[in-house]
Amino acid sequence: MVEPAYHIPVLLHDSVDGLNIVPDGIYADLTFGGGGHSHEILKRLGPDGRLLVFDQDLEALQNAPDDERLDLIHGNFSYLQNYLKYFEAYPVDGILADLGVSSHHFDDEKRGFSFRFDAPLDMRMNQTSGMTAADLLQTYTVDQLAKIFKVYGEIEHVGKLLDAIVKARSGNAFERTSTFVKAIETCIPKHQEHKYLAKVFQALRIEVNHELEALEQMLKQTIKAIAPGGRLSIITYHSLEDRLVKNFIKTGNVEGKLDKDFYGHVHRPFEEVNRKIIVPSEAEIELNNRARSAKLRIAERKEA
Ligand SMILES: C[S@@+](CC[C@H](N)C(=O)[O-])C[C@H]1O[C@@H](n2cnc3c(N)ncnc32)[C@H](O)[C@@H]1O
């Protein structure tokens, strides 16, 4: 059987064009994955350029080429500033982030991200630390679970789902994806199995990996981590992520509060490069269904 590609890069040229690469500059790809975007960045860098790549999943970093311009960081981009300082690459000329999980996470039968396969209910991108989805279902309060499924999964009526989860806690229903799906079977609306389970799994995955907290931490650090005139190029896949990025670019904070001085002048650390968000073409979506929900925002760091 032919192995599926680790990941097909989304909005490859637009997002890398957005970095406005100077050949001897220093760049960071915060979400290496299968390395598609990094490969394109390396193509545009000269021999004196540098690229630092992050991935919290060690399996992803195994896709890295042997290239002396490259530094590999197995870590969470929420520690952006510390890692860049450690690698003496602070500030950088541009940062690219292609958020969320890779296709590999969904396609790997052992990781628990997909209900298509029976696997331990894990869902951690970083398999070396943190709580699994099983731990979370076993220990979170009903209120915490309600928030996750409503906000991250956008599931409207969660009452039956929560009852089923609490009832299942005395057994071993959370050990595997299949046993979990069985435990919540009666809550799944008829003819909407796929859609409903996709929402449940998405909600768990976002919480297990603290995706929104990591994004918020990272965004705040880009203000100092990107040199004046440098670029930020970010691809998001759902509205919660996109709202944080949009607010941040417009105002310098994820809440979207305008920072005005005594005279009413607004202080914005970034200038939007594309007023209108960039989305994939129909042709790209046809080739790669994962691109369907992608949105690209590009911003330039203003002079301090
Ligand atoms: C959408 S994929 C990136 C795909 C990549 N651009 C490519 O072309 O192959 C996102 C990657 O970022 C990693 N990731 C997600 N959140 C992260 C975080 N907070 N810190 C570090 N890596 C993260 C995931 O493990 C995954 O490999």
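Note that ligands are numbered from 1 as they come in the structure, with each ligand's atoms numbered from 1 the same way.
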- Message: Working note: K110 + D122, criterion salt bridge (Lys or Arg N to Asp or Glu O under 4.0 Å); need CA distance, chi angles, decisive distance, verdict.
- Response: CA-CA 9 Å; K110 302 177 294 296; D122 189 326; over 6 Å; no
Can you report which non-hydrogen protein atom sits closest to [atom], along with the distance?
{"atom": "atom 5 (C) of ligand 1", "answer": "F32 O, 3.3 Å"}
{"atom": "atom 10 (C) of ligand 1", "answer": "G100 O, 3.1 Å"}
{"atom": "atom 14 (N) of ligand 1", "answer": "M125 SD, 3.8 Å"}
{"atom": "atom 19 (N) of ligand 1", "answer": "N76 OD1, 2.9 Å"}
{"atom": "atom 22 (N) of ligand 1", "answer": "Q56 N, 3.1 Å"}
{"atom": "atom 20 (N) of ligand 1", "answer": "F77 N, 2.9 Å"}

Per-atom contacts of ligand 1 with [X], taking only distances under 4.0 Å to non-hydrogen atoms:
{"X": "D57", "value": "25 (O)"}
{"X": "G35", "value": "7 (C), 9 (O)"}
{"X": "P9", "value": "8 (O)"}
{"X": "G75", "value": "20 (N), 21 (C)"}
{"X": "R290", "value": "1 (C)"}
{"X": "G36", "value": "7 (C), 8 (O), 9 (O)"}

Heavy-atom closest contact ([X] atom, [Y] atom, distance):
{"X": "M125", "Y": "Q56", "result": "SD-NE2, 3.5 Å"}
{"X": "L136", "Y": "L204", "result": "CD2-CD2, 3.8 Å"}
{"X": "F87", "Y": "L72", "result": "CZ-O, 4.2 Å"}

- Given D55, T31, I73, which one has a non-hydrogen atom that is nearest to atom 26 (C) of ligand 1?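 Minimum heavy-atom distance to atom 26 (C) of ligand 1 goes to D55.
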- Message: Quick check: is I188 connected to L121 through a chain of hydrophobic side chains (ILVMFWY, heavy atoms under 4.5 Å apart)?
- Response: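 Linked within one cluster.
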- Message: Quick check on the hydrophobic clustering: are I223 and Y79 connected, directly or via other members, by side-chain heavy-atom contacts under 4.5 Å?
- Response: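 Shared cluster, yes.
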Heteroatom distance test ([X], ligand 1): nitrogen or oxygen, under 3.5 angstrom:
{"X": "G34", "value": "yes"}
{"X": "A214", "value": "no"}
{"X": "D29", "value": "no"}
{"X": "H37", "value": "yes"}
{"X": "F54", "value": "no"}

Sub-3.5 Å donor-acceptor pair from the side chain of [X] to the main-chain atoms of [Y], do we have one?
{"X": "R69", "Y": "L45", "value": "yes"}
{"X": "T177", "Y": "A119", "value": "yes"}
{"X": "N274", "Y": "G18", "value": "no"}
{"X": "H37", "Y": "V10", "value": "yes"}
{"X": "D29", "Y": "G35", "value": "no"}

Mark the output for [X] as yes if a heavy-atom distance to ligand 1 is under 4.0 Å, and as no if none is.
{"X": "L99", "value": "yes"}
{"X": "S78", "value": "no"}
{"X": "H105", "value": "yes"}
{"X": "S38", "value": "no"}
{"X": "Y6", "value": "no"}

- Item | Residues D57 and R111 bridged, charged N to O under 4.0 Å |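 Looking at D57 and R111, the cut-off is met.
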- Quick one: do K199 and E154 make a salt bridge, cutoff under 4.0 Å?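 Not counted as a salt bridge, because no side-chain N and carboxylate O are separated by less than 4.0 Å.
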- Query: Do the ring centers of F270 and F248 come within less than 6.0 Å of each other?
  - Reply: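 Yes: the rings meet the under 6.0 Å criterion.
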- Heavy atom under 4.0 Å from ligand 1: found in L12's side chain, backbone, both, or neither?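 Neither; nothing of L12 gets under 4.0 Å from ligand 1.
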